[in-house]
Amino acid sequence: MFTRKYSIFRGSFGTITQCAEMADVNAMEKKLAEYKCDTNEATCLKLVRFPEDVEDDGTTFHPEYSHQLFGDDEVAFGYKGLQIQLFYTAGNLSTLFKVKYSSKVTDTFDCVEADDVEGKIREIIPAGFTSNTDDFISLLEKEANFKPFGTMLHSYTVHNEEAEQLTYQIHKADISCPGFQEYHERLQTFLMWFIETASFLDIDDDRWDFFLVFEKYNKDGETLYATVGYMTVYNYYVYPDKTRPRVSQMLILPPFQGEGHGAQLLEAVHRFYCSLPKVQDITAEDPSENYVKLRDYVLTKLCQNLPSFDADKLHLGFSADMIREAQEKLKINKKHARRVYEILRLRATDMSDEEKARAYRLEVKKRLFGPYRKNQRELAKMRKCLRPEELVSHMGQLDTQTQHEELEKSYQLALEDYRRVIERLASQA
């Protein structure tokens, strides 16, 4: 009897001990969680024109992405009040890099290591930065010596909210421009923060072209230049004697987004390559959804004045003349010319007229149906070579009803994108 009571007591004591240990672990986890920081919020970026910008929170912007440096969770462990300062002079992009925090986990806990935040940032920023704010401010005085690289292709003006007229320039540069390689190393660090799958370029290859956007601004009576954004293009060889420029990267820096600079840049680049007889057509490498929408707008703007795209010819269908003229005059390939045709035909179609709307819908769906038609051909091949049980599993993927639903969904999404382009063209008219 005594032994039994004793064993019960021992069991209860063990349970109490376990609960206490669990409570201690939970308390420890809660305390350590205070040392986790969102690296998108913690990373503070600036393009500095004036000394007062350094302390002005209104000039700060933050990354969209930081997973390439800090993992999928985009979290840095080991700090409270973490702030990663990456400040750039507006033109030359001379860099201030500092890591600040209110406390570090190693100050409170033994045997717990903080992430090497500084080491991770050093992986992407080139040598030559400063960590001293006063030294960085003194670099602003040298900004008057900074001039845009390469040859100016285009100049345009934009009215800002203060009703000022701001002037911008687009330049073409290459690695032969003195100082450009070092400047580009600083510029491309922004890619890691704003392009989800970004990677740095090896620009030693002379087939790279670089297109840069700069803003002209006045400081103490002098004209200075601020970096706005850029595009990289690689010139691929096309047999026997042509080239195919392919857009690799494009970024307008956040303080300048939404002002139309992307469209200005893409149009200037297209016009530049259109002037070169050896260019076959212009493409893009793995374009994002936003880039496709931008390209739709720019190419439609360029094509709308071509004779083959006249409104009275659009209802006759996508023609060989459209393909030829878009390619010869604007270096636009057949696939992109087809989208332009659909956008312009929508603009010229009275969609309240049931018959005209139906004709337009069928014309667009005929193109969209291409992948589904391919699936049907694959299914016909499968019937010949697959066992019945294997065929059943593939039939589910190629269900006709599902195809019709997906086709209608694709059509509605295309219509939404096309209307957005038409509205933008109307607003610019």
Side-chain angles (χ1 to χ4, degrees), residues 244 270 280-284 286-384 391 394-426:
R244 174 171 286 127
H270 257 274
Q280 177 82 14
D281 54 31
I282 304 159
T283 62
D286 191 22
S288 67
E289 187 177 323
N290 285 336
Y291 180 85
V292 171
K293 291 175 181 178
L294 181 65
R295 181 175 63 194
D296 281 344
Y297 165 73
V298 170
L299 298 191
T300 304
K301 181 184 175 186
L302 292 172
C303 284
Q304 65 182 344
N305 297 318
L306 295 179
S308 61
F309 287 88
D310 282 347
D312 59 350
K313 296 178 181 175
L314 294 167
H315 74 282
L316 300 174
F318 186 52
S319 68
D321 284 345
M322 293 175 181
I323 297 169
R324 177 190 53 77
E325 194 171 22
Q327 200 282 321
E328 289 180 0
K329 295 184 178 179
L330 295 171
K331 314 296 185 183
I332 297 172
N333 64 34
K334 180 180 176 181
K335 179 182 176 182
H336 299 160
R338 171 73 195 204
R339 285 181 68 88
V340 169
Y341 152 74
E342 291 176 5
I343 293 167
L344 290 175
R345 178 162 174 175
L346 176 62
R347 186 172 71 174
T349 299
D350 179 3
M351 294 298 279
S352 65
D353 184 312
E354 190 174 330
E355 187 176 334
K356 291 178 180 178
R358 181 176 182 275
Y360 178 78
R361 183 174 66 254
L362 291 176
E363 179 73 359
V364 175
K365 283 189 174 183
K366 183 170 68 176
R367 173 184 64 81
L368 294 172
F369 190 66
Y372 300 102
R373 189 181 293 114
K374 181 182 177 184
N375 283 345
Q376 288 179 335
R377 289 196 297 268
E378 290 175 352
L379 181 58
K381 292 177 185 175
M382 289 176 189
R383 285 196 176 100
K384 296 176 183 177
L391 187 59
H394 285 280
M395 286 283 283
Q397 299 172 24
L398 303 170
D399 174 69
T400 303
Q401 179 62 32
T402 303
Q403 288 183 16
H404 283 304
E405 290 172 1
E406 289 298 317
L407 188 61
E408 178 62 23
K409 182 180 177 182
S410 297
Y411 171 71
Q412 292 298 335
L413 288 172
L415 214 59
E416 186 180 318
D417 289 342
Y418 292 174
R419 283 177 172 146
R420 194 178 292 113
V421 172
I422 292 166
E423 288 171 8
R424 187 171 181 182
L425 287 168

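Throughout, numbering of the chain's residues begins at 1 and tracks the sequence. Side-chain atoms are counted along with the backbone in the values below, which use heavy atoms only and exclude waters and symmetry mates. Treat the numbers as computed from the prediction; the structure is a model and nothing was measured.
Proximity of R295 to V421: side-chain heavy atoms (C-beta onward) are nowhere separated by under 4.5 Å. The shortest distance between side-chain heavy atoms of L425 and R347 falls below 4.5 Å. Residues K331 and Q280 are not in side-chain contact: their nearest non-hydrogen atoms beyond the backbone lie 4.5 Å or more apart. Annotation: side chain of L415 is not in contact with side chain of L413 (no heavy-atom distance under 4.5 Å). Looking at heavy atoms from C-beta onward, R339 lies in side-chain contact with D296 at the 4.5 angstrom threshold. Put simply, the side chain of H315 does not reach to within 4.5 Å of the side chain of K356, judged on heavy atoms.
Between atom CG of residue L368 and atom OH of residue Y411 there is a gap of 9.5 Å, rounded to the nearest 0.5 Å. To the nearest 0.5 Å, atoms CD1 (I343) and CG (L346) are separated by 8.5 Å. With rounding to the nearest 0.5 Å, the separation of CD in Q327 from NE2 in H336 is 12.5 Å. Expressed to the nearest 0.5 Å, how far OG1 of T300 lies from OH of Y341 amounts to 13.5 Å. Here I332 contributes atom CD1 and I323 contributes atom CD1; the two are 12.5 Å apart, rounded to the nearest 0.5 Å. In this structure, CG on D321 lies 11.0 Å from CG on D310, to the nearest 0.5 angstrom.
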Inset, instruction - Walk me through it: do Q412 and E408 pass the test side chain to side chain donor-acceptor pair (under 3.5 Å)? - result: CA-CA 6 Å; Q412 292 298 335; E408 178 62 23; 2.8 Å; yes
Inset, instruction - For salt bridge (charged side-chain N to carboxylate O under 4.0 Å, His left out), just list the numbers for E405 and K409, CA-CA rounded to whole Å, side-chain angles, deciding distance to a tenth of an Å, and then say yes or no. - result: CA-CA 6 Å; E405 290 172 1; K409 182 180 177 182; over 6 Å; no
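Nearest heavy atom pair, residue Y291 against residue A284, reads CE2-CB, 3.5 Å. In plain terms, the two heavy atoms of H270 and L330 that are nearest each other are ND1-O, 3.8 Å. Nearest heavy-atom pair across P307 and K313 is O-NZ, 3.4 Å. F309 and A326 get closest at one heavy-atom pair: CE1-CB, 4.4 Å. The minimum heavy-atom distance between L314 and R345, with the atom names listed, is O-CD, 3.5 Å. Of all heavy-atom pairs spanning M322 and S308, the tightest one is CE-O, 3.3 Å.
Using a cutoff of 4.0 Å between basic side-chain nitrogens and carboxylate oxygens, D417 and R420 are scored as salt-bridged. For E363 and K366, the salt-bridge test passes: some basic side-chain N is under 4.0 Å from an acidic carboxylate O. Remark: E289 engages K293 in a salt bridge, criterion side-chain N to carboxylate O under 4.0 Å.
Counted within 6.0 Å of CZ on R324, heavy atoms from surrounding residues, nucleotides or ligands total more than 12; the atom is thus considered enclosed.
A side-chain donor-acceptor contact under 3.5 Å links D353 to the backbone of E355. Although no hydrogens or angles enter the test, the distance criterion places a donor-acceptor pair under 3.5 Å between the side chain of Y360 and the main chain of E342.
S352 and D350 form a side-chain donor-acceptor contact under 3.5 Å, judged by distance and modelled atom types alone.
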